[in-house]
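As a basis for the values below, the full set of heavy atoms in this structure was taken, side chains included, without hydrogen atoms, waters or symmetry mates. As the structure is a prediction and not an experimental result, all values here were calculated from the model.
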Amino acid sequence: QARLVESGGGLVQAGGSLRLSCAASGRTFRRYAVGWFRQAPGKEREFVSAISWSGHNTYYADSARGRFTISNANAKNTVYLLMNNLKPEDTAVYFCAAAITYGDDDYYTNRADFGSWGQGTQVTVSS
């Protein structure tokens, strides 16, 4: 399994931007599809965005579509989540996760599909 480490979280005002990074070591991102999830206090962990190993296909939750952009840099074993126009309701711990894939263009959105998880990075958006 890949070992994942998130970074880039922090405190930002509403309307601001952050770029989260998810770096992999060990079994790297080759043949892994990656997803971002988030968990706010007292709430279930929810899907945010996903990207195929090839990077050709991406998918977003309705709450993220139009504001967030997921991308990968496989040569760097890193996946990014650029978050623009942040809102207070985006406040949560953000986790990246990797799923073994046999299809270059496949992506996944269910938590159960992901076998490797990072420790999370806190994003706080003030109003």
Side-chain angles (χ1 to χ4, degrees):
Q1 297 286 1
R3 179 173 177 269
L4 308 176
V5 178
E6 303 95 335
S7 61
L11 173 64
V12 64
Q13 288 187 331
S17 299
L18 285 173
R19 189 180 77 160
L20 306 183
S21 299
C22 175
S25 60
R27 291 182 177 267
T28 60
F29 277 121
R30 191 169 182 86
R31 295 297 183 184
Y32 280 83
V34 175
W36 283 96
F37 292 77
R38 67 186 183 186
Q39 188 166 17
K43 294 188 176 181
E44 294 281 326
R45 190 171 300 188
E46 65 177 6
F47 169 79
V48 176
S49 183
I51 189 167
S52 62
W53 174 80
S54 67
H56 293 160
N57 289 332
T58 59
Y59 189 76
Y60 299 91
D62 289 344
S63 59
R65 191 171 294 116
R67 298 187 299 127
F68 295 3
T69 303
I70 190 171
S71 60
N72 64 2
N74 286 344
K76 297 181 179 180
N77 298 324
T78 303
V79 170
Y80 303 100
L81 184 68
L82 175 61
M83 306 185 295
N84 293 323
N85 191 22
L86 283 161
K87 304 175 182 181
E89 51 264 43
D90 294 318
T91 295
V93 177
Y94 283 70
F95 300 88
C96 68
I100 296 173
T101 179
Y102 299 99
D104 290 1
D105 296 325
D106 294 341
Y107 60 82
Y108 306 92
T109 62
N110 293 320
R111 289 173 54 184
D113 291 323
F114 294 89
S116 299
W117 291 82
Q119 83 291 346
T121 185
Q122 177 70 46
V123 171
T124 303
V125 184
S126 63
S127 58

To the nearest 0.5 Å, how far apart are OG in S54 and CG in D105? 3.5 Å
Search all heavy atoms of S127 against all heavy atoms of P88 and return the closest pair with its distance. CB-CG, 3.8 Å
Identify, with sequence neighbours excluded, every residue that meets salt bridge (Lys or Arg N to Asp or Glu O under 4.0 Å) alongside D104. R31
Could you tell me which residues satisfy side-chain hydrogen bond (donor to acceptor under 3.5 Å, both in side chains) with T124, sequence neighbours excluded, listed by chain and number? Q122
Given a cutoff of under 4.5 Å between side-chain heavy atoms of I, L, V, M, F, W and Y, with clusters grown through shared members, what are the other residues clustered with V5? none
Just jot down the side-chain hydrogen bond (donor to acceptor under 3.5 Å, both in side chains) partners of S21, sequence neighbours excluded, or say none. none
Do L20 and V123 come within less than 4.5 Å of each other through their side chains, counting heavy atoms only? yes
Give a yes or no on this: more than 12 heavy atoms of other residues, nucleotides or ligands lie within 6.0 Å of atom CD of Q119. yes
Taking all atoms of both residues into account, what is the closest heavy-atom pair of D113 and A99, and its distance? O-CB, 3.2 Å
Atom CD1 in I100, atom CG in D106: separation rounded to 0.5 Å? 13.5 Å
Other members of the hydrophobic cluster containing L82, with the 4.5 Å side-chain heavy-atom rule, please. none
My understanding is that only residues two or more places apart in sequence, or in another chain, count here; which of them pass side-chain hydrogen bond (donor to acceptor under 3.5 Å, both in side chains) with R45? Q39
Residues forming a side chain to side chain contact (heavy atoms under 4.5 Å, CB included) with S17, sequence neighbours excluded: N84
Going from OG on S116 to CG on L4, what distance comes out if it is rounded to the nearest 0.5 angstrom? 5.5 Å
Distance in Å, T101 OG1 paired with W53 CH2, rounded so as to fall on 0.5 Å steps: 10.0 Å
If the condition is side-chain hydrogen bond (donor to acceptor under 3.5 Å, both in side chains), which residues does T109 pass it with, not counting sequence neighbours? none
Listed partners of D90 passing side chain to side chain contact (heavy atoms under 4.5 Å, CB included), at least two apart: R38, R67, F68, L86, K87, Y94, V125
Applying side chain to side chain contact (heavy atoms under 4.5 Å, CB included), can you list everything that pairs with Q13, at least two apart in sequence or on another chain? S126
Rounded to the nearest 0.5 Å, what separation is found between the SG atom of C96 and the CD1 atom of I51? 12.5 Å
Would you call V34 and N72 a side-chain contact if the rule is heavy atoms closer than 4.5 Å? no
With rounding to the nearest 0.5 angstrom, report the CD1 to OG1 distance, I70 to T58. 7.5 Å
Answer yes or no: is there a donor N or O on one side and an acceptor on the other, between the side chain of T121 and the main chain of E6, under 3.5 Å? no
Same cluster (ILVMFWY, side-chain, under 4.5 Å), Y80 and V12: no
Tell me who clusters with Y108, hydrophobic residues only, linked when side chains sit under 4.5 Å apart either directly or through other members. F37, F47, Y59, V93, F95, Y107, F114, W117
Salt bridge (charged side-chain N to carboxylate O under 4.0 Å, His left out): pairs with one or both residues in residues 53-66, sequence neighbours excluded: D62-R65
